Asker: 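Right, I'll just put the structure down here and ask away after.
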Amino acid sequence: MKRVLFSAPFQIEFEDVANPVRRPGEALLQVRYVGICGSDLHTYRGASTLARYPVVPGHELCCEVLESEGALSPGVTVVVEPLLACGVCYPCRVGRYNCCEALRVLGVQTDGGMAERISLPLKNLHPLPATADPSYGPLVETLSIGFHACKRARVEKGDRVLVIGAGPIGLGAALVAQDKGAEVGILDKLDERLHLAQEVGIDLALRPEDGWQGEVLRRFDGQPSVVIEAVGSPRTLEGAIEVVSAAGRVVFVGWTSESPSWRPDLFLRKELELLGSRNSCGIFPEVIEFYCRHLAKLKRMVTHRYKMERVEEAMRLLDTPGGGAMKVILEW
Ligand SMILES: [Zn+2]
Ligand SMILES: [Zn+2]
């Protein structure tokens, strides 16, 4: 079978290897659709702090079962929860395997799904209803990130939620928050992303220009009770803490290793909760239900599709500022 290797920064190779062998407790899968995530782009650029070369990228996967045991019969379409946790560390013991101390994410710390076939533990596989379009299946993993961020912030009806960043993760979080009954606003520098947010029902979509904080307060008629930072930049982290209401929650889902400068007195005076949000934990069935209910809207997030042979073209597009790509899906 063929698989894709990221072997060095900006270097992609196709490799011919033997089919994976299914071990007990696993299913052998035919990979059909693979979404490209921002973290795949970081790895492609050589900017990932977690991935090592060479690696088979890809963790947003929709597959068909070829060979299995238990309830999953051959032919069933599944989406993949791409986390392999140790099961014994403290976070694993308290049920938070998404931040396992020895976590291996497919396509990051271990080979992922840009391969024709892959064998994975049954517990990582979630069937997609036969009525749901599998060609958008990789979006389930994308949505799980924003879904988990909303869960961390305990978003509910009556909350005013501001999402910073209208990429696939941020827009997903905004749609989930809206579905939970919150009033939602979103910020982004890119007009095309703001237009898309408005088209899928997030009316309050703003550019973070001078005075954006005042505009958010005016449009929300108050401060947001929750801010979800989905950019990963020190400035937006600082802005999140400034704009959020007292007794509010700030969730960091964007990834950066640069330090923001915080005013500890502001944090204390507002009695804020600062919450990290990494991957997702035990929510794939809920996310699949959300995906099925909102698929017509969610389809708008997929701007480009390529056959896997053209993966290099897809990566170059995503690497181009202003290239217009939102979610790109590859197909074997
Ligand atoms: Zn991802
Ligand atoms: Zn662990």
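Whatever order the structure lists ligands and atoms in, that order sets their numbers, starting from 1. These figures come from a predicted structure and were not determined experimentally. Below, each value reflects all heavy atoms present in this structure, side chains not excepted, and no hydrogens, waters or symmetry copies.
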Asker: Inspect the contact between Lys327 and Glu60 and indicate whether a charged nitrogen and a carboxylate oxygen are less than 4.0 angstrom apart.
Answerer: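 Yes.
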Asker: Only pairs at least two apart or in different chains count here, so list each salt bridge (Lys or Arg N to Asp or Glu O under 4.0 Å) that has a residue in residues 41-53.
Answerer: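 Found Arg45-Asp319.
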Asker: Can you label the angle between the Phe290 ring and the His294 ring as parallel, tilted or perpendicular, going by 30° and 60°?
Answerer: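 Phe290 and His294: tilted rings.
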Asker: Backbone N or O of Val250 within a donor-acceptor pair of the Glu273 side chain at under 3.5 Å?
Answerer: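 It does not hold such a pair.
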Asker: Restricting to under 2.8 Å, identify the protein N, O or S atoms around the Zn ion (ligand 1) as residue plus atom.
Answerer: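 Protein N, O or S atoms closer than 2.8 Å to the Zn ion (ligand 1): Cys37 SG, His59 NE2.
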Asker: Linking I/L/V/M/F/W/Y whenever any side-chain heavy atoms sit under 4.5 Å apart, do Ile164 and Trp255 land together?
Answerer: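 No, no single cluster joins them.
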Asker: In sequence, state the C-alpha distance, the side-chain angles, and the governing distance for Tyr44 and Phe10, and then conclude on ring pair (Phe, Tyr, Trp, His ring centres under 6.0 Å).
Answerer: CA-CA 5 Å; Tyr44 173 69; Phe10 302 99; 5.1 Å; yes
Asker: Under 2.8 Å from the Zn ion (ligand 2), protein N/O/S atom count?
Answerer: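 Near the Zn ion (ligand 2), the number of protein N, O or S atoms below 2.8 Å is 4.
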Asker: Does this structure show an ion pair linking Asp159 with Arg249, if we count only N-O contacts that are shorter than 4.0 Å?
Answerer: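 Yes.
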Asker: Enumerate donor-acceptor pairs with a distance under 3.5 Å from any side-chain N or O in residues 76-87 to protein atoms, sequence neighbours excluded.
Answerer:
from, atom 1, to, atom 2, distance (Å)
Glu81, OE1, His126, NE2, 3.0
Glu81, OE2, Tyr97, OH, 2.5

Asker: Side-chain donor-acceptor pair under 3.5 Å between Asn19 and Arg117, yes or no?
Answerer: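 Checked: Asn19/Arg117 side chains pair up, N/O donor to acceptor below 3.5 Å.
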